[in-house]
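To start, the structure itself, in structure tokens.
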Number of protein chains: 2
Amino acid sequence: MRRQKKAQPREPRPPTARGAATRARIVEAAAGLVYRRGASATSLEDIMEASATSKSQLYHYFADKDALMRAVIELQTRRVMGVQAAHLDTVDSLAGLRRWRDAMVTINKAARGVGGCPLGSLASELSDRSESARALLAHGFELWELQLRRGLGAMRDSGKLKPEANPAELATAVIAALQGGLLLAQTTRSSRPLELALDMAIGHIARLSG
Amino acid sequence: MRRQKKAQPREPRPPTARGAATRARIVEAAAGLVYRRGASATSLEDIMEASATSKSQLYHYFADKDALMRAVIELQTRRVMGVQAAHLDTVDSLAGLRRWRDAMVTINKAARGVGGCPLGSLASELSDRSESARALLAHGFELWELQLRRGLGAMRDSGKLKPEANPAELATAVIAALQGGLLLAQTTRSSRPLELALDMAIGHIARLSG
DNA sequence: TTTCGACTGGACTGTCAAGTCCAGTTCCGG
DNA sequence: CCGGAACTGGACTTGACAGTCCAGTCGAAA
């Protein structure tokens, strides 16, 4: 947990296809375990078993567990962005936003609340414990907000939102509602809080529709 | 982490004043550490040091670490309820809600985002890992919601909210916004997301004012 | 003042985790 | 086909942590 001393930057580029595949296998297995159990509750041995690799492979591709967790954050950020993009790039109207809301609720119901948001749960666990992880997660949320902001900006430009609507601020509030809703859903084992939070957020935007 | 076998229920009542004081000292020290570092990152040795107690004292008052964490959740629930009560019992109008909002933001700014909500961070960490902890936390949120609901119900009854406003649902949405805002504030190290989330929630309620 | 149970100190155990090391194998360019 | 780098297996070290145990001390009630 305390490296940083070595002069060379580590985290070597994987030059061969086999190496890249092994590295990817490790990160994917780690992401799955971390999503279900959290970062500190996931041991390297768990990851070794799930990815069919050995200690030396882990340490060949990652300087330490922290570095591996950073790679997990990056993978989850990409995944979340992918899922969000699939539902958000059609968001150019209130109806589109409601479709997005329904998709989020459906996903949550399928998971029965367990796990929550891959970024949100990592953010809660790591933000105060690793500055590099915190920065990475903040960046992930920023990308997400940007994506949402684009849709809201398009709505404003096409006259669907009043000119005084602030897409960036709206996007932040919407993501906050989603995260809070997911947290309560996870705790109460019910999707209802998520539905209420997202409906509130959409109502807030609807109030600004032009 | 796996007891439950012993027939006797354990968790003995502390009959003497000295015992009660020791027990309270342990739980308070544990709560402080857990708030700052999370449950799994807080070791019993840390708690022993912070509370000036020994292993045998910990195990005299608590069956295992899980039981101690449950006591921590209960203490934090009481504390949060106390803080919330101090700001919420005057909430019988939109102006009162806005004062509450300002108080939450001020608290968050003072902590510079670190820690988040004592219940929220525990909920995120423990909900999927301990069913008893999850239930306790859900109960805490329920109490909180009830408290907020009371104020909103009073507003509705006094005609400050439209009759169709649903205090219970509004309360849940407000708490979700607060939790999500706190999470983003913790990650971005800025109180702005919290402000935006709470403003959205209050705007949502304002829209229902009669 | 005796006695018993509440309470305390701290050594000890077993387990598990991160991280190290090195001997070996595989792969690829020349 | 050969030399070196990329890659892999797994034993080993070190330390931390939860939980156990027992020999005590303290305090209040009889």
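The figures that follow rest on heavy atoms only: side chains count, while hydrogens, waters and symmetry mates do not. Below, chain A is the first sequence line, B the second, and so on; all start at residue 1.
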By nearest-heavy-atom nucleotide on DNA chain C, the more 5' of A:Asp46 and B:Arg25 is B:Arg25
Side-chain donor/acceptor of B:Arg149 to backbone N/O of B:Ala171, under 3.5 Å: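 No.
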N-O pairing of A:Arg150 and A:Glu145 below 4.0 Å: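 Salt bridge flag = no for A:Glu145 with A:Arg150.
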Can we say A:Arg25 and A:Glu28 salt-bridge, meaning some charged N sits less than 4.0 Å from an Asp/Glu carboxylate O? no
Atom [atom1] of [X] to atom [atom2] of [N]: distance rounded to whole Å?
X	N	atom1	atom2	result
A:Arg37	C:dA17	CZ	C1'	14 Å
B:Asp66	D:dA18	CG	C1'	11 Å
B:Leu68	D:dG19	CG	P	10 Å
B:Tyr59	C:dC7	OH	C1'	17 Å
A:Leu44	D:dT14	CG	P	19 Å
A:His60	C:dC22	NE2	C1'	15 Å
B:Ile26	C:dA6	CD1	C1'	14 Å
A:Glu49	C:dA17	CD	C1'	15 Å

B:Ser40 and B:Glu125: side chain donor to acceptor below 3.5 Å: yes
Hey, are B:Ser54 and B:Gln57 close enough side-chain-wise for a donor-acceptor pair under 3.5 Å? yes
Does a side-chain N or O of B:Tyr61 approach OP1 or OP2 of C:dT8 to a distance below 4.0 Å, or not?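 B:Tyr61 to C:dT8 OP1/OP2: side-chain N or O found under 4.0 Å.
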Quick one: are B:Arg156 and B:Leu152 in side-chain contact, heavy atoms under 4.5 Å? no
Starting from the first five and the last five pairs of the helix from C:dT1-D:dA30 to C:dG30-D:dC1, work out the angle between the resulting helix axes, to 10 degrees. 10°
Spacing of CE belonging to B:Met200 relative to CG belonging to B:Leu198, to within rounding of 0.5 Å: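 Output value for this atom pair is 8.5 Å.
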Here the gap from A:Phe141 atom CZ to B:Thr188 atom OG1, rounded to the nearest 0.5 Å, amounts to 9.5 Å
Would B:Glu74 and B:Arg79 count as a salt bridge (Lys or Arg N to Asp or Glu O under 4.0 Å) here? Give the steps. CA-CA 9 Å; B:Glu74 282 164 356; B:Arg79 281 183 177 171; over 6 Å; no
At a cut-off of 3.5 Å, list every protein nitrogen or oxygen paired with a nitrogen or oxygen from nucleotides 23-29 of chain D, distance to 0.1 Å.
none

Test B:Trp144 against every option in B:Leu88, B:Val174, B:Thr172 by the side chain to side chain contact (heavy atoms under 4.5 Å, CB included) rule and name the one that passes. B:Leu88
Only one of B:Arg37, B:Arg36, B:Arg189 clears salt bridge (Lys or Arg N to Asp or Glu O under 4.0 Å) with A:Asp128; which? B:Arg189
Tabulate atom names and distances for all N/O pairs under 3.5 angstrom spanning the protein and nucleotides 10-16 of chain C.
none

